[in-house]
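Below is one structure, written out as structure tokens; the observations come after it.
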Amino acid sequence: MDTRSVDLAVQEMLEVALQNKIETAWDRLNFQQPQCGFGELGLCCRNCTQGPCRIDPFGDGPRKGVCGADADTLVARNLARSIVAGTASHSGHSKHLAHVLKKWADGKAPDYPVKDERKLLAVAQRHGIEVEGKEIKEIARSVAEVALEDFSERNTPIGFANRTVTKNRAELWNKFGVNPVGIDSIIAEMMHRTTLGVDADANNLLLGSIAAGIADYAGCRMGTDLSDILFGTPAPVISEMNMAVLDPKQVNVALHGHNPVLSDLLVQVSREMREEAKMAGATGINLVGICCTGSEVLMRHGVPSCTHSVSQELPILTGVLDAMVVDYQCVYPSIATLAGCYSTKVITTMSMAKIPGAIHIEIHEEGAWAKGKEILRLAIEAFKERAGRLYQIPRYKEKVVAGFSKEAIVAALAKLNQEEPLQPLIDNIVNGNIQGICLFAGCNNVKVRQDENYIIMAKELAKRNVLLLATGCGAGSLGRLGFMNGEATKAYAGDGMKDVLSAIGEANGLEGPLPPVLHLGSCVDNSRAVDIAVAIAEKLGVDTDMLPVVASAPEYKTEKAFSIGTYAVALGLPTHLGMVPPVAGSKQVVKTLTKDIREITGGYFIVETNPSEAAKKLFLAIQERRAGLGL
Ligand code: BF8
């Protein structure tokens, strides 16, 4: 058994790496052994130059850092900084989108017109913006300004968080003093609080972290809303996933990173460049996705996804990838080194995200189209260079149905009940055909056999009639391994859920049932899951902590995953982590996160590294919630 990945395409390419002595993330993990035990427990502090300080978890050595901070303070402070970094990433992404929207409204970004006016109006009205008799550009400017206002400190809590959750939830956040007044302001405050000699109270630091998590939710929600406005709200689309989506006869371009500002534009530009590619001897331009940018263009354009997260280096090894175009986040710098062995061009595009060895072509909203052409021309040149060279493309790929925005789900349900679209879903939760909902979020992590936790948990939960939602690389895992099509429903869903998904499929004129795992999009699109949960809660007249809804990050790795998990808990969800987070050095922090926090938000963390056990624990949490609702 290959202990590195379940994915056969990844296994095949890792063999190629071995034969050609090419180093991958898996090799580098080995080179790192043994990894620092203090770091793994959260017991290392580098926050001042009297350190680095380490605390002995066994109690024989030092119990305090030079300043006197104990294990609880260190662990809570380190965790807080991770969550804040995640919040800064998601909200940086959404701030970028707000600037694009504003520039378009001001006539400075003609390549970025509003594509979904209906969503623009809906978001505007949600934020109390007058829309009657106003031009689209004027409304767009107001929405962008309202979004940008959410970053700085004001007298009111963040709109993109507070206007999109239940009223009760927002009040509860106020009551416990965890409702931040600005995204950037809580990021700055938490950086301040975690420097030497500020906040030493672990629980207080954790409450601050919850506030940062709520700001992260606002950033994600803003990212989703503004992307939908600019590039269109996703609707169901059929595509494919895994490395066989690469085509040796075409110019293959991988879009990697997170922000659709670049990738969506390249999808459009590529249509114009097809003839140029043909003149170079290619049959066309084949765009494929990697990671969350891949999900963005899959959801809106059906661009197939090639691979995800820890296996991002491997498409280069096929020998047919002509360019990898990246924006930011989760892009391993190793790709530029690796590409040096092939004809692949790695192209960085953002001033804040350069990689030594890559070609840098900076994209700004002004003149973006021309830059997009320049990038694709480089890919066409690389295609010419690889003529006659050997290649090896794994033959694996799976059909996926993606594009499940909340709007798309409601539209599909409306075919069963036009007046009350959510009612059929609620009826089936009440009668038990659907026991509950589990959101799979997060990454792959090279420390876990890639995709294994997702697959085991998805099978266990689907057979127990739990409807699965997925985002980010979690959606990638489940898509690449065949969980996102109607056949998967027949293979894995329990009878009750099978009936429901078949009825929805039939009512919508599909050839089969909906998939058992609905692809909601990229990681910022975890906000779509919140949107669905809030809609159900409001329909039932309860808060989100009463719902049989749980979240899981079976193979997470990034700081962004910490912040998403934190906002899931802030919303009241039992939230599973499939890897032990670096908090085990503090009993107090562990207790607060897994038990005491429940008294405040209703949510809590479940840490379980065994995927079958994790599925059982989540199912139990769902049963507890059902009992609470009298179901
Ligand atoms: O934001 S799931 S490895 S790609 S962090 Fe990154 Fe994790 Fe993938 Fe997208 Ni999300």
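Both counts, for ligands and for their atoms, begin at 1 and track the order of listing.
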Apply ring pair (Phe, Tyr, Trp, His ring centres under 6.0 Å) to residues F160 and Y217 and explain how you reach the verdict. CA-CA 8 Å; F160 273 81; Y217 164 60; 9.5 Å; no

In chain order, what residues pass the side chain to side chain donor-acceptor pair (under 3.5 Å) check against S309, with sequence neighbours excluded? K557

So, with waters excluded, how many protein N/O/S atoms does atom 10 (Ni) of ligand 1 have closer than 2.8 Å? 1

Take E313 and R28 through the salt bridge (Lys or Arg N to Asp or Glu O under 4.0 Å) test and state the conclusion after the steps. CA-CA 13 Å; E313 298 163 309; R28 291 190 295 274; 2.6 Å; yes

One thing to verify: whether E240 and R480 come together as a salt bridge, which I'm taking to mean a side-chain N less than 4.0 angstrom from a carboxylate O. no

Should D228 and R300 count as an ion pair when the cut-off is N to O under 4.0 Å? yes

If we ignore angles and hydrogens, is there a donor and acceptor under 3.5 Å between the side chains of Y328 and N259? yes

